[in-house]
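Working notes, beginning with the structure itself.
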Amino acid sequence: MSTAVKRACDACHRRKVKCDGVNPCRNCSASQLGCTYNAIPQKKGPKGSRAKVISELRETQRQTSLSAKVQTRLNGMNSPPSNSSLAPTPGLLTPETIKECIEFFFANMYPTMPILHRQRLEQQTHFLEHTMDTYCLLTSLSAFMMLQPGMTMPGSDPYSLDSMPGANIVSATMLLEETLRVRKSYDYLESSTLNTLCTSYFLFGCYYGLDMHDKAWFHLREATTLMHMLGMNHEDTYSQYDRIEASRRRRLYWLFFVTER
DNA sequence: TTATTCGGAAATTAAAAACA
DNA sequence: GTTTTTAATTTCCGAATAAT
């Protein structure tokens with residue numbers, strides 16, 4: 001049982017073979033290699049507060065159990081756990097959630113992103129079962145709102161899930177996935193509307209809030225491309241819309257422009 | 001056959017937490 | 001302060017694969 005050498009030379013380290021630690025070492029001499037000890041050893045041991053792996057595992061486990069609870073809470077016990085079709089999940093987006101998320105949006109977010117029109121949005125909520133474009137807008141809006149500080153879990157909650165840290169993130173993630181899933185069911189590239197673009201913006205916001213910056217930028221760029229496809233960079237395209245629609249589109253264009261920097 | 005490669009077990013090390 | 005626990009890094013065993 002030979003004891004491990006204090007430091008293996010660069011070649012032995014790469015080759016994962018036993019090094020005798022002298023210079024030149026036996027392996028290097030045998031294979032006529034230059035024997036060097038240039039590699040700078042990394043610092044060993046945990047980094048940060050009790051390092052990360054165990055806390056990551058704990059966090060995912062916590063999220064999984066929360067996810068189950070939120071799922072039953074949001075759609076009242078009788079939902080299939082995995083929906084493989086592209087249809088909206090019944091009961092996931094409750095009217096209560098929609099109402100509170102719209103409320104929160106216009107109370108807190110509208111000043112910095114005045115891209116929706118309250119009356120028109122509320123009118124649309126009556127048809128969301130049949131218009132996927134609207135459904136996606138509302139799921140993504142709700143997801144985005146759930147991630148905002150100060151937003152509470154909608155609905156009265158017998159298990160006080162709203163006070164549980166992470167519950168919002170779990171439901172936001174579920175709504176986010178729902179948006180992406182349902183969005184596959186129609187060709188939003190071909191028939192882009194204001195809703196499509198707003199949805200992309202909220203997707204951007206969600207991913208950004210979840211620190212998934214690559215995906216966030218993907219949705220932002222996708223929307224920017226869509227806007228160019230729609231000719232929103234030319235003032236004369238706005239004349240085909242009524243005043244309110246045109247103003248929201250202009251604002252959205254500039255919001256994207258400013259966000260992309 | 002011998003030589004080489006590389007997955008991963010075991011050892012080593014150091015930071016953080018627990019304890020006295 | 002010392003000890004224990006935890007986790008990041010390193011060494012290198014030995015099975016798999018390649019070369020001869």
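Owing to the predicted nature of the structure, the values given are computational and were not obtained by experimental measurement. Proteins get letters first, then strands, A, B, ... in listed order; numbering begins at 1 in each.
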In whole Å, what is the span from the CG atom of A:Asn27 to the P atom of C:dT11? 13 Å
Pairing residues for A:Phe218 by the side chain to side chain contact (heavy atoms under 4.5 Å, CB included) criterion, not counting sequence neighbours: A:Glu222
Report the residues that fulfil side chain to side chain donor-acceptor pair (under 3.5 Å) with A:Tyr186, sequence neighbours left out, ordered by chain and then residue number. A:Asp133
So how far is it from A:Gln124 CD to A:Gln119 CD, rounded to the nearest 0.5 Å? 12.5 Å
With a 3.5 Å cut-off and no angle check, do the side chains of A:Thr139 and A:Thr179 form a donor-acceptor pair? yes
Each nucleotide N or O in nucleotides 12-15 of chain B that has a protein N or O under 3.5 Å away: list the pair and distance.
{"from": "B:dT12", "atom 1": "O2", "to": "A:Lys44", "atom 2": "NZ", "distance (Å)": "3.4"}
{"from": "B:dT13", "atom 1": "OP1", "to": "A:Lys6", "atom 2": "NZ", "distance (Å)": "3.3"}
{"from": "B:dT13", "atom 1": "O4'", "to": "A:Lys44", "atom 2": "NZ", "distance (Å)": "3.4"}
{"from": "B:dA15", "atom 1": "OP1", "to": "A:Lys43", "atom 2": "NZ", "distance (Å)": "3.4"}
{"from": "B:dA15", "atom 1": "O4'", "to": "A:Pro46", "atom 2": "O", "distance (Å)": "3.4"}

Side chains of A:Thr89 and A:Arg181: any donor to acceptor distance under 3.5 Å? yes
Pair A:Tyr207 + A:His213: ring centers closer than 6.0 Å: no
Salt bridge or not between A:Glu96 and A:Lys99? Use side-chain N to carboxylate O under 4.0 Å. no
Quick one: do A:Arg118 and A:Glu122 make a salt bridge, cutoff under 4.0 Å? yes
With a 4.5 Å limit on heavy-atom distance, are the side chains of A:Trp254 and A:Thr259 in contact? no
How close or far is atom C1' of C:dT10 from atom CG of A:Asp20, stated in whole angstroms? 17 Å
Could you check A:Trp217 against A:Phe204 for side chain to side chain contact (heavy atoms under 4.5 Å, CB included), going step by step and ending with a plain yes or no? CA-CA 7 Å; A:Trp217 291 112; A:Phe204 159 76; 4.2 Å; yes
Applying side chain to side chain contact (heavy atoms under 4.5 Å, CB included) to A:Cys136 and A:Asn195, what does each step give before you reach the verdict? CA-CA 8 Å; A:Cys136 288; A:Asn195 286 357; over 6 Å; no
Does A:Lys16 contact C:dG14 through a side-chain donor or acceptor facing the base, at a distance under 3.5 Å? no
When all nucleic acid strands are considered with a 4.0 Å heavy-atom cut-off, which category describes A:Arg15: base, sugar-phosphate, or nothing? base
Cation-pi between A:Arg250 and A:Tyr238: NZ/CZ under 6.0 Å from ring centre and within 45° of the ring axis? yes
Check every strand shown and say whether A:Cys12 touches a base, only sugar-phosphate, or nothing at a heavy-atom separation below 4.0 Å. nothing
Within residues 29-37 of chain A, those residues having any heavy atom closer than 4.0 Å to DNA chain C are none
How does each nucleotide of nucleotides 15-20 of chain C score, in 5' to 3' order, for protein heavy atoms under 4.0 Å: base (B), sugar-phosphate only (S), or none (-)? ------
Contiguous Watson-Crick or G-U pair runs (3 or more, under 3.5 Å) in DNA chain C: B:1-19 with C:1-19
Answer yes or no: does a side-chain N or O of A:His13 lie under 4.0 Å from OP1 or OP2 of C:dT11? yes
Step-by-step side chain to side chain contact (heavy atoms under 4.5 Å, CB included) determination, A:Phe256 to A:Ile115: CA-CA 11 Å; A:Phe256 272 103; A:Ile115 53 178; over 6 Å; no
